[in-house]
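Okay, structure first, notes after.
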2 protein chains.
Amino acid sequence: MRPYLRSGEVAERAGVNPQTLRYYERRGLIAEPRRSPGGHRAYPPETVALLNVIKAAQRLGFTLDEVADLIDTGRRGRSTPDLRARAVAKIAEVDARIADLTTVRGALDQVIRAGCDSLTDCTCPDCPLPQADLT
Amino acid sequence: MRPYLRSGEVAERAGVNPQTLRYYERRGLIAEPRRSPGGHRAYPPETVALLNVIKAAQRLGFTLDEVADLIDTGRRGRSTPDLRARAVAKIAEVDARIADLTTVRGALDQVIRAGCDSLTDCTCPDCPLPQADLT
DNA sequence: TTGCATCCGGTACCCGGGTACAGGCTTACC
DNA sequence: GGTAAGCCTGTACCCGGGTACCGGATGCAA
């Protein structure tokens, strides 16, 4: 007989929009909760913690699908190496993204240093715009 | 009496989907071209070059709205400092994004090194997951 | 002149992560 | 037992950058 929470309470405690709860339910991130006799959702308190976990994972760059998968994998088979492996793969993604942005940064820098004055009719010598990067 | 091009030809030369031409027209990136008597678009050949400029600007990280603005500003008043200023601002955006990603990378690294084994029930000591970043 | 490729306008859909609104029901408190 | 806050479902919309599909009209070549 735990103190079940209503959706608004869960949302507020987790710092999340109430609509987001239903959205996560649809996406399979949180389980369908019990219902009150009138049909209102009654959440166990752990849900708040789960939402915090989801937010933490999002901040780590995981998509909602990936988070759903991680939660799911953790729940069944407890396949230990999975989180590790996914974190390693995610680091590679992040590194690739950083490399892209670094290239872009360099190209912007060139544009500035060459003194480009127009996208369409730049008059600067050796204008870098036509090549502009390779992202 | 220049050799006007049909939309499919422009699209092919610029390496772009034909639908994208109409989309860019709607977005104000390319001007509405002349029409044939039957209503088909007849593009001047410069359009291909313009599309390449647009692609270059996109690779520099500018949004289509920003590109439209840059082209427009270049066409009228020839306000020289504008491209420079926008490139400087864009570098700041890129740097901020890189900083974010670097933070995320660090957090992922911590998760791996701490040996976290589950999003929801990690058993590692000093588990970094609850804090996980501040992006 | 006929046949096929292409183009037309309009509309709908895709990705990801939600948010908003409408119209009706339940719950909580006095 | 009244009233207001909160919840329900279903649906539509937002961002950015396009892509796809439809039925009908054109363009061009043989």
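Everything numeric here is computed off the predicted structure, so don't read it as measured data. A note on names: the letters A, B, ... follow the listed sequences, proteins ahead of strands, and every chain is numbered from 1.
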Exercise. Of the non-hydrogen atoms in B:Glu25 and B:Pro33, which two are nearest, and what is the gap between them?
Worked result: OE1-CD, 3.6 Å

Exercise. Do you know which two heavy atoms are closest between A:Leu29 and A:Ile71, and how far apart they sit?
Worked result: O-CD1, 4.0 Å

Phosphate-side-chain proximity, [X] and [N], N/O vs OP1/OP2 below 4.0 Å:
{"X": "A:Asn17", "N": "C:dT19", "answer": "yes"}
{"X": "A:Ser36", "N": "C:dT27", "answer": "yes"}
{"X": "B:Ser7", "N": "C:dC7", "answer": "yes"}
{"X": "A:Gln58", "N": "C:dG18", "answer": "yes"}

Whole angstrom value for the distance that separates [atom2] of [N] from [atom1] of [X]:
{"X": "B:Leu51", "N": "D:dG18", "atom1": "CG", "atom2": "P", "value": "11 Å"}
{"X": "A:Arg26", "N": "D:dA12", "atom1": "CZ", "atom2": "C1'", "value": "12 Å"}
{"X": "A:Tyr23", "N": "D:dT9", "atom1": "OH", "atom2": "C1'", "value": "18 Å"}
{"X": "B:Glu12", "N": "C:dA5", "atom1": "CD", "atom2": "P", "value": "16 Å"}
{"X": "A:Arg35", "N": "C:dT26", "atom1": "CZ", "atom2": "C1'", "value": "13 Å"}
{"X": "A:Arg41", "N": "C:dT27", "atom1": "CZ", "atom2": "C1'", "value": "16 Å"}
{"X": "B:Glu66", "N": "D:dG17", "atom1": "CD", "atom2": "P", "value": "9 Å"}
{"X": "B:Leu5", "N": "D:dG27", "atom1": "CG", "atom2": "P", "value": "16 Å"}

Problem set entry | Distance under 6.0 Å and angle within 45° of ring axis: A:Arg86 vs A:Phe62 | no

Exercise. Can you list the steps and then say if B:Tyr24 with B:Val16 is a side chain to side chain contact (heavy atoms under 4.5 Å, CB included)?
Worked result: CA-CA 11 Å; B:Tyr24 282 180; B:Val16 149; 5.5 Å; no

For this session: Quick one: label A:Arg22 by what it contacts on the DNA or RNA (base, sugar-phosphate, nothing), any heavy atom closer than 4.0 Å.
Result: base

Exercise. Taking for each residue the nucleotide of DNA chain D with the nearest heavy atom, is it A:Gly38 or B:Tyr24 whose nucleotide lies nearer the 5' end?
Worked result: A:Gly38

Seminar exercise, completed: Contacts of A:His40 and B:Leu64 projected onto DNA chain D by closest heavy atom; the upstream (5') one is A:His40

Problem set entry | Rounded distance (nearest 0.5 Å) linking atom CZ of A:Arg97 with atom NZ of A:Lys90 | 12.5 Å

